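Heads up: the structure comes next, in structure tokens.
Just so you know, these numbers come straight off a predicted model, no measurement behind them. Both ligands and their constituent atoms are indexed starting at 1 by order of listing. One-based numbering along the sequence shown.
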Amino acid sequence: MTCAPLATELKAPNGLIWEQPQGLFINNEFVSAGSGRLLATVNPYTEHEICSVHVAGAGDVDKAVSSARRALKDPSWAMLSGTDRGHLMTRLADLVDQHRGTLASIETLDNGKPYSVSLGFDVPHFSEVLRYYAGYADKNFGKVIDVGPEKMAYTLKQPVGVCGQIIPWNYPLDMAAWKLGPALCCGNTVVLKLAEQTPLSMLYVAKLIREAGFPPGVINIINGYGAEAGAALVRHPDVDKIAFTGSTATGKDIMRMAAATMKAITLETGGKSPLIVFDDADLEQAVRWAHAGIMENQGQVCTATSRLLVQSGVYDKFLDAFTAYVEKASIVGDPFDPTTFQGPQVTRAQRDRVMSYISGARESGATVFHPSDKLPSRGFFAPPTVLTGLQRSAPAFQDEIFGPCAVVTRFDTESEALAVANDTRYGLAGAVFTRDLSRAHRMARDLEAGMVWVNSSNDSDVRVPFGGVKESGLGRELGEEGLRGYYNIKAVHVNLSSR
Ligand code: NAI
Ligand code: MG
């Protein structure tokens with residue numbers, strides 16, 4: 001397929017046709033990259049190029065940042081009331097809903113996730129997050145503080161400023177919504193850098209941003225490579241804050257780079273979250289959630305419960321039931337087929353990375369189950385995999401694999417379960433299956449994690465804070481807590497006396 005420089009017509013297997021933007025979205029215009037370079041984005045199911053998009057270099061990042069800086073003080077944005085900012089956000093959510101089929105098609109073409117999931121979850125969640133934060137836009141203000149009769153003090157919540165936001169490829173629309181929602185709510189302006197593997201859906205949303213009536217420069221959207229456009233954004237002296245979702249290694253690079261200008265940062269990085277099944281658990285329930293917790297979204301989920309810790313009394317029974325369930329439920333295939341549960345991994349590199357963990361585990365003597373290994377003949381597919389018999393220090397037991405690959409181990413006591421669960425550099429999430437109320441709450445308290453599920457896994461909610469401890473990140477997204485990274489508090493002291 002050949003591509004026009006700034007837009008091209010695309011068609012999905014379901015028959016939908018749309019005009020796909022390919023440029024950088026700066027100051028409400030689609031523009032060519034100054035670098036003149038393009039990158040091809042690939043459909044991971046067909047392994048063919050979908051189209052190419054413009055690649056931002058440092059000069060383009062500079063233009064996007066200047067545009068956001070101008071917009072920050074422009075009366076068309078700076079003088080809007082919170083209520084009016086909320087209206088703009090709601091209008092964007094409505095437009096996203098109206099374009100739901102097209103956006104879901106783009107997401108599936110570019111990322112490989114099943115169309116049923118893009119349509120049923122990813123797109124509606126985008127508008128859900130925007131509406132949630134639109135509701136906060138006129139309910140987020142400072143306090144008057146009682147400091148005695150001679151003085152008055154109050155606080156103002158003010159925007160942090162120009163926010164650089166860097167997102168990954170596993171939920172291209174939703175990671176953008178998690179970042180844009182609170183930033184716009186609080187009156188900031190944004191330069192959003194998309195993941196180079198999945199640039200198309202948010203470039204389409206850029207059209208809707210303009211249509212919704214956001215003033216030029218409030219939201220700028222660029223595509224480009226992490227080490228170049230991403231790093232230029234993090235280093236830029238005129239960017240006030242960086243919000244990032246991605247790997248722990250890149251998160252650490254960002255902390256180092258942000259130190260030069262002491263930028264505020266929020267980071268949501270990797271995980272290797274445990275799912276702990278006690279002897280007294282409802283096993284059928286534990287099996288269902290264990291499957292969803294590691295196999296959904298092709299296992300490309302930061303909060304995936306990828307380490308299954310199962311108590312000795314039910315270990316064999318659980319393992320049999322779990323592998324049988326994976327065989328039945330993990331239908332692998334064409335992401336546009338409505339029966340498909342698992343599509344391809346996002347790129348060849350990610351598929352190869354998953355496969356190298358599996359072969360490494362096999363070489364070290366682990367048992368490798370592929371409950372359903374009937375893979376399509378093309379596409380970047382990884383088979384649903386269950387690994388047992390691994391050393392707890394093995395790479396597959398300790399590292400984030402980011403694929404449909406669960407490791408299972410056995411424990412005897414609650415204290416052993418806790419010790420194994422916490423023996424990781426990560427601290428994103430954890431799940432506990434038990435019918436013992438006291439044990440459930442003890443585990444919830446003692447797991448070193450930002451989020452704990454009792455008798456479920458990965459059921460995140462826009463109203464509930466999301467984020468990790470240890471090397472899983474800094475700060476929280478979603479919920480009221482998600483606003484915290486997007487305003488500064490200013491204290492004002494007023495002398496009421498004649499002193
Ligand atoms: P990555 O962390 O390198 O990329 C995520 C985003 O950061 C992309 O937009 C990328 O362009 C940008 N980036 C990369 N290097 C940068 C730099 N030096 N400065 C600024 N921005 C930079 O992740 P990658 O390579 O795509 O995936 C590797 C692994 O990371 C995955 O296998 C998975 O384990 C983990 N990951 C975790 C995610 C999460 O949701 N927490 C999402 C994506 C990946
Ligand atoms: Mg792609």
Residues in salt bridge (Lys or Arg N to Asp or Glu O under 4.0 Å) contact with Arg425, at least two apart in sequence or another chain: Asp399

For ligand 1, list all ligand N or O to protein N or O distances below 3.5 Å, rounded to 0.1 Å.
residue	atom	partner	partner atom	Å
ligand 1	2 (O)	Ser247	N	2.8
ligand 1	2 (O)	Ser247	OG	2.8
ligand 1	2 (O)	Thr250	OG1	3.2
ligand 1	3 (O)	Thr250	OG1	3.0
ligand 1	9 (O)	Ile167	O	2.8
ligand 1	9 (O)	Lys193	NZ	3.3
ligand 1	11 (O)	Lys193	NZ	2.9
ligand 1	11 (O)	Glu196	OE1	2.7
ligand 1	11 (O)	Gly226	N	3.2
ligand 1	19 (N)	Gly226	O	3.4
ligand 1	26 (O)	Trp169	NE1	2.6
ligand 1	32 (O)	Gln350	OE1	3.4
ligand 1	32 (O)	Gln350	NE2	3.0
ligand 1	32 (O)	Arg353	NE	3.0
ligand 1	32 (O)	Arg353	NH2	3.4
ligand 1	34 (O)	Arg353	NH2	3.4
ligand 1	34 (O)	Glu400	OE1	2.6
ligand 1	40 (O)	Asn170	ND2	3.4
ligand 1	41 (N)	Gly246	O	3.2
ligand 1	41 (N)	Thr269	O	3.0

Between Lys113 and Asp122 (salt bridge meaning N to carboxylate O under 4.0 Å), is one present in this structure? yes

Does Arg353 qualify as a cation-pi partner of Phe402, given the criterion of NZ or CZ under 6.0 Å from the six-membered ring centre and within 45 degrees of its axis? no

I'd like to know if Glu47 and Arg348 make a salt bridge, using a cut-off of under 4.0 Å between side-chain N and carboxylate O. yes

Please enumerate all residues that pass side-chain contact (heavy atoms from CB on, under 4.5 Å) together with Pro182, with sequence neighbours excluded. Tyr133, Leu483, Tyr486

Mind checking ring pair (Phe, Tyr, Trp, His ring centres under 6.0 Å) for His370 and listing every partner two or more places apart, or none if nothing turns up? none

